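Supplied in structure tokens, the structure appears directly below.
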Amino acid sequence: MSQISSLRHARLVGGSLAVVALVLLALMGSPRRTEITAAEAPAVKKLDPAAWGEDHVGQEIPEYMESGECLFCHRNEVGTTWGDNKHNRTIREPDGNNAAIAALKANPATKALADEVPLILGDTRENRFLKRSAAYGKLDLLSTGASLSRTGRAKLDHVDHPTWNTEIFAAECAGCHATAVDPETHAFAAPSLDCFVCHGDAPPEHANDAKLMPLAKKRKDSAAAVTSICAQCHVRFGKSKSSGLPYPNNFVAGDNLFRDFEVDLALADDPKINPADRHVLDNVRDVVLYGRESMTCLSCHNVHTGSTKAHREVPDQKYCVHCHEAGKSKKEHIPYEVHSGRCQY
């Protein structure tokens with residue numbers, strides 16, 4: 001071997017041994033780091049929630065298909081459960097044994113008003129009493145409401161001086177409890193939620209091409225589009241930039257809700273907010289701000305059937321611990337009080 005070759009060989013061997021020695025020293029003589037400090041962690045790039053899509057702000061409300069037309073074709077898979085669906089019953093005629101109406105009739109201060117109540121707003125926690133206004137597409141709201149216990153018993157609140165208010169429902173409630181609300185007059189086209197609210201303006205051609213319909217299985221809407229549809233009502237902390245109202249301005253399924261509707265998504269971390277609302281805000285923030293699209297509301301919630309199977313069987317996620325203890329059956333629920341300043345209960 002030449003002198004030059006011998007030197008080159010020695011350098012290669014020496015260099016390799018030096019590398020091996022450094023590796024062994026790092027493994028044997030230095031503690032292994034298993035965590036990355038906050039300062040070293042890569043920053044999560046935030047998206048602009050308003051950057052994509054269109055909206056219907058300033059446009060006329062579409063001449064949409066109403067539920068009677070929809071159920072003519074969808075009577076078997078949707079029509080069998082729609083009568084009991086909570087979206088359909090957000091405003092409804094009271095049942096004959098309605099505990100809130102019974103409490104209204106039993107109280108001397110409200111007894112005379114009970115026969116004026118043709119409609120109930122709310123579900124299992126709070127009921128409010130409504131009657132049709134003189135103006136088209138408006139409802140009057142009684143100042144007295146009823147809180148419901150877990151056993152279904154009703155307790156009236158604000159009983160002193162009960163009065164009918166002609167403005168509150170239109171200005172604060174209509175956007176999420178009625179269909180096709182005019183942003184200028186605040187009048188609605190139909191009480192409660194029609195198919196249009198979640199599925200948008202259905203073109204007649206959708207009968208031959210289901211991909212034309214928002215939320216159709218064959219369409220595969222983006223996570224951001226799905227989240228916009230659900231968040232239009234289930235995010236209870238925002239307001240429309242254009243109208244100033246606490247509900248979206250002429251939102252149509254397929255729109256980007258966050259082009260006009262603004263909400264502080266940091267409320268997802270606020271312990272003063274009840275877990276149910278933080279659960280919603282947490283997922284909305286992940287989708288629209290961080291672009292995490294693996295899970296949306298529809299991953300767990302079956303809107304039409306009301307089945308909780310997907311909810312119970314989904315692998316544990318961080319969203320689960322808002323309402324369930326980690327590692328335990330999702331049939332067990334952490335007790336908490338649901339309260340919304342927006343909805344006044």
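Every heavy atom of this structure was used, including side-chain atoms; hydrogens, water molecules and symmetry mates were not. Treat the numbers as computed from the prediction; the structure is a model and nothing was measured.
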### Query
Okay, side chain of H199, backbone of P214: is any donor-acceptor separation there less than 3.5 Å?
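Between the backbone of P214 and the side chain of H199 there is a qualifying donor-acceptor contact (under 3.5 Å).
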### Query
Quick one: which of R153, E126, K155 gives a side-chain hydrogen bond (donor to acceptor under 3.5 Å, both in side chains) with S147?
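Filter result, single survivor: E126.
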### Message
For L281 versus L267, what's the shortest heavy-atom pair and its separation?
### Response
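Nearest heavy atoms, L281 then L267: CD1-CB, 3.8 Å.
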### Query
Which is it for H234 and C297 under the side-chain contact (heavy atoms from CB on, under 4.5 Å) test, yes or no, and what are the steps along the way?
CA-CA 10 Å; H234 289 284; C297 304; over 6 Å; no
#### Entry: R132, CZ atom: more than 12 neighbouring heavy atoms under 6.0 Å
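No, because the 6.0 Å sphere around CZ of R132 holds 12 heavy atoms or fewer from other groups.
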### Query
Around atom CD of E60, are there more than 12 heavy atoms of other residues, nucleotides or ligands at under 6.0 Å?
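Counting neighbours around CD of E60, 12 or fewer heavy atoms of other residues, nucleotides or ligands fall under 6.0 Å, so no.
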Could you tabulate the donor-acceptor pairs under 3.5 Å formed by side-chain atoms of residues 165-172, not counting sequence neighbours?
from, atom 1, to, atom 2, distance (Å)
N165, OD1, E167, N, 2.7
N165, OD1, I168, N, 2.8
E172, OE1, Q344, NE2, 3.3

### Task
Measure from the side-chain N and O atoms of D282 to the backbone N and O of A268, and report whether any donor-acceptor pair falls under 3.5 Å.
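Side chain of D282 to backbone of A268, a donor-acceptor pair under 3.5 Å: no, none is there.
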#### Entry: Steps toward side-chain contact (heavy atoms from CB on, under 4.5 Å) verdict (L265, V288)
CA-CA 10 Å; L265 295 173; V288 306; 3.9 Å; yes
### Query
Considering all heavy atoms of both residues, which atom of P94 and which atom of P118 are nearest to each other, and what is their separation?
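Closest heavy-atom pair between P94 and P118: CD-O, 3.2 Å.
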### Task
May I have the step-by-step check of side-chain contact (heavy atoms from CB on, under 4.5 Å) for L71 and V78, ending in yes or no?
CA-CA 7 Å; L71 293 177; V78 177; 3.9 Å; yes
### Under 3.5 Å donor-acceptor, S143 side chain and T163 backbone
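At least one qualifying donor-acceptor pair exists.
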### Message
According to a hydrophobic-cluster definition based on side-chain heavy atoms being under 4.5 Å apart (Ile, Leu, Val, Met, Phe, Trp, Tyr only), do V287 and L215 belong together?
### Response
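Same cluster.
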### Message
What's the separation between atom OG1 in T80 and atom NE2 in H304, rounded to the nearest 0.5 Å?
### Response
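So the OG1 of T80 and the NE2 of H304 are separated by 10.5 Å.
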### Message
Main chain of W52, side chain of N256: is a donor-acceptor contact present, judged purely on distance under 3.5 Å?
### Response
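Side chain of N256 to backbone of W52: a pair is present.
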### Query
Does the side chain of L257 reach to within under 4.5 Å of the side chain of V235, using non-hydrogen atoms?
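Counting from C-beta outward, L257 and V235 never come under 4.5 Å.
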### Heavy-atom donor-acceptor pair, N302 side chain to K309 backbone, under 3.5 Å
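No; judged by distance alone, with no hydrogens or angles, the pair does not exist.
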Could you pull out every donor-acceptor pair under 3.5 Å between side chains of residues 203-210 and any protein atom, sequence neighbours left out?
from, atom 1, to, atom 2, distance (Å)
H206, ND1, P203, O, 2.7
D209, OD1, K211, N, 3.2
D209, OD1, K211, NZ, 3.4

### Query
Nearest 0.5 Å, what's the CE-CG distance between M213 and D201?
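Result: 8.5 Å between the selected atoms.
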### Query
Do you reckon V263 sits in the same ILVMFWY cluster as I273, going by side-chain contacts under 4.5 Å, direct or chained?
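In one cluster with V263: I273, yes.
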#### Entry: N/O donor-acceptor pair under 3.5 Å between T179 side chain and F188 backbone
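It does not hold such a pair.
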### Message
Just to verify, which of V280, D221, D286, T296 counts as forming a side-chain contact (heavy atoms from CB on, under 4.5 Å) with T227?
### Response
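When side-chain contact (heavy atoms from CB on, under 4.5 Å) is applied between T227 and each of V280, D221, D286, T296, only T296 qualifies.
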### Query
So how far is it from K131 NZ to L139 CG, rounded to the nearest 0.5 Å?
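Answer for the NZ-CG pair, K131 versus L139, is 11.0 Å.
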### Query
Quick one: CG on N274 to NE2 on H339, what's the gap to the nearest 0.5 Å?
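Going from CG on N274 over to NE2 on H339, the span is 8.5 Å.
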#### Entry: Distance in Å, E116 CD paired with L142 CG, rounded so as to fall on 0.5 Å steps
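Answer rounded to 0.5 Å: 8.5 Å.
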### Donor-acceptor contact below 3.5 Å, side chain R278 vs main chain D270
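Side chain of R278 to backbone of D270, a donor-acceptor pair under 3.5 Å: yes, one is there.
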### Message
Are V181 and L130 connected into the same hydrophobic cluster when the rule is that any two of I, L, V, M, F, W, Y join if their side-chain heavy atoms are below 4.5 Å apart?
### Response
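Yes; V181 is reachable from L130 via cluster members.
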#### Entry: Within 6.0 angstrom of E184 CD, more than 12 heavy atoms from elsewhere
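Open: at most 12 neighbouring heavy atoms sit under 6.0 Å from CD of E184.
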### Message
Checking F196 now: which residues fulfil ring pair (Phe, Tyr, Trp, His ring centres under 6.0 Å) with it, not counting sequence neighbours?
### Response
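F196: ring pair (Phe, Tyr, Trp, His ring centres under 6.0 Å) contacts with Y64.
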### Task
Provide the closest heavy-atom pair for A99 versus G152 in the form atom of the first, atom of the second, distance.
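The pair with the smallest heavy-atom distance is CB-O, 3.2 Å.
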### Query
How would you list, by chain and number, every residue that makes a side-chain contact (heavy atoms from CB on, under 4.5 Å) with S329, sequence neighbours excluded?
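Checked S329 against side-chain contact (heavy atoms from CB on, under 4.5 Å); matches are K331.
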### Task
Kindly check if the number of other-residue, nucleotide or ligand heavy atoms within 6.0 Å of NZ (K46) is above 12?
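Atom NZ in K46 is not crowded, with 12 or fewer foreign heavy atoms closer than 6.0 Å.
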#### Entry: Heavy-atom pair of closest approach, residues A146 and F129
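Closest heavy-atom pair between A146 and F129: CB-CZ, 4.1 Å.
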### Query
Does R125 CZ have over 12 foreign heavy atoms under 6.0 Å away?
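No, because the 6.0 Å sphere around CZ of R125 holds 12 heavy atoms or fewer from other groups.
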### Task
Apply salt bridge (charged side-chain N to carboxylate O under 4.0 Å, His left out) to D260 and list each qualifying residue two or more places apart in sequence or on a separate chain.
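Testing D260 for salt bridge (charged side-chain N to carboxylate O under 4.0 Å, His left out), a comparison that skips the adjacent residues, returns none.
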### Query
Can you tell me how far SG of C233 sits from CZ of F251, rounded to the nearest 0.5 angstrom?
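It comes to 9.0 Å.
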### Other residues, nucleotides, ligands: >12 heavy atoms within 6.0 Å of K138 NZ
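Correct, the count exceeds 12.
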### Query
At their closest point, which heavy atom of V284 faces which heavy atom of A231, and how far apart are they?
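Heavy atoms of V284 and A231 come nearest at CG2-CB, 4.3 Å.
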### Query
Considering only heavy atoms from C-beta outward, does the side chain of V314 approach that of M295 to under 4.5 Å?
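A side-chain contact exists here, since the closest heavy-atom pair is under 4.5 Å.
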### Task
Determine whether L121 and W164 fall in the same hydrophobic cluster, where Ile, Leu, Val, Met, Phe, Trp and Tyr are linked whenever their side-chain heavy atoms lie under 4.5 Å apart.
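No, L121 does not connect to W164 through the hydrophobic network.
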### Message
Test your reading of the model: is there a side-chain donor-acceptor pair from K241 to the backbone of R259, 3.5 Å cut-off?
### Response
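Pair found, side chain donor or acceptor close to backbone of R259.
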### Query
Given side chains that start at C-beta, do those of E93 and L119 come closer than 4.5 Å, heavy atoms only?
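Counting from C-beta outward, E93 and L119 do come under 4.5 Å.
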### Query
Between the side chain of E66 and the main-chain N/O of G68, is any donor-acceptor distance below 3.5 Å?
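Side chain of E66 to backbone of G68: a pair is present.
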#### Entry: Under-4.0 Å salt bridge between K330 and D316
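Here K330 pairs with D316 in a salt bridge, since their nearest N and O are under 4.0 Å apart.
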### Message
Do S243 and N249 pair up side chain to side chain, a donor and an acceptor below 3.5 Å, judged on atom types alone?
### Response
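Result is no, nothing qualifies.
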### Query
With no hydrogens and no angle check, is any side-chain donor or acceptor of H311 less than 3.5 Å from a backbone partner on H301?
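The answer is no, because no donor-acceptor pair under 3.5 Å joins these two groups.
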### Query
Does H333 have any ring pair (Phe, Tyr, Trp, His ring centres under 6.0 Å) partners at least two apart in sequence or in another chain, and if so, which?
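In terms of ring pair (Phe, Tyr, Trp, His ring centres under 6.0 Å), with neighbours along the sequence ignored, H333 is linked to H324, Y336.
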### Query
If we only count heavy atoms from C-beta on, is the H177 to Y247 side-chain gap below 4.5 Å?
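No, their side chains stay 4.5 Å or more apart.
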### Task
Could you tell me whether D277 and R342 have a side-chain N and a carboxylate O separated by less than 4.0 Å?
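Here D277 does not pair with R342 in a salt bridge, since their nearest N and O are not under 4.0 Å apart.
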### Message
Between V159 and I120, is there shared hydrophobic-cluster membership here, with clusters defined by ILVMFWY side-chain heavy atoms closer than 4.5 Å?
### Response
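Hydrophobic grouping puts V159 with I120.
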### 4.5 Å side-chain heavy-atom contact, Q317 and N283
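The answer is no; the side chains never approach within 4.5 Å.
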### Message
For P275 versus H322, what's the shortest heavy-atom pair and its separation?
### Response
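What the structure gives for the nearest pair is CB-O, 3.2 Å.
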### Pairwise side-chain contact, T144 with L113, heavy-atom cut-off 4.5 Å (strictly under)
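Not in contact.
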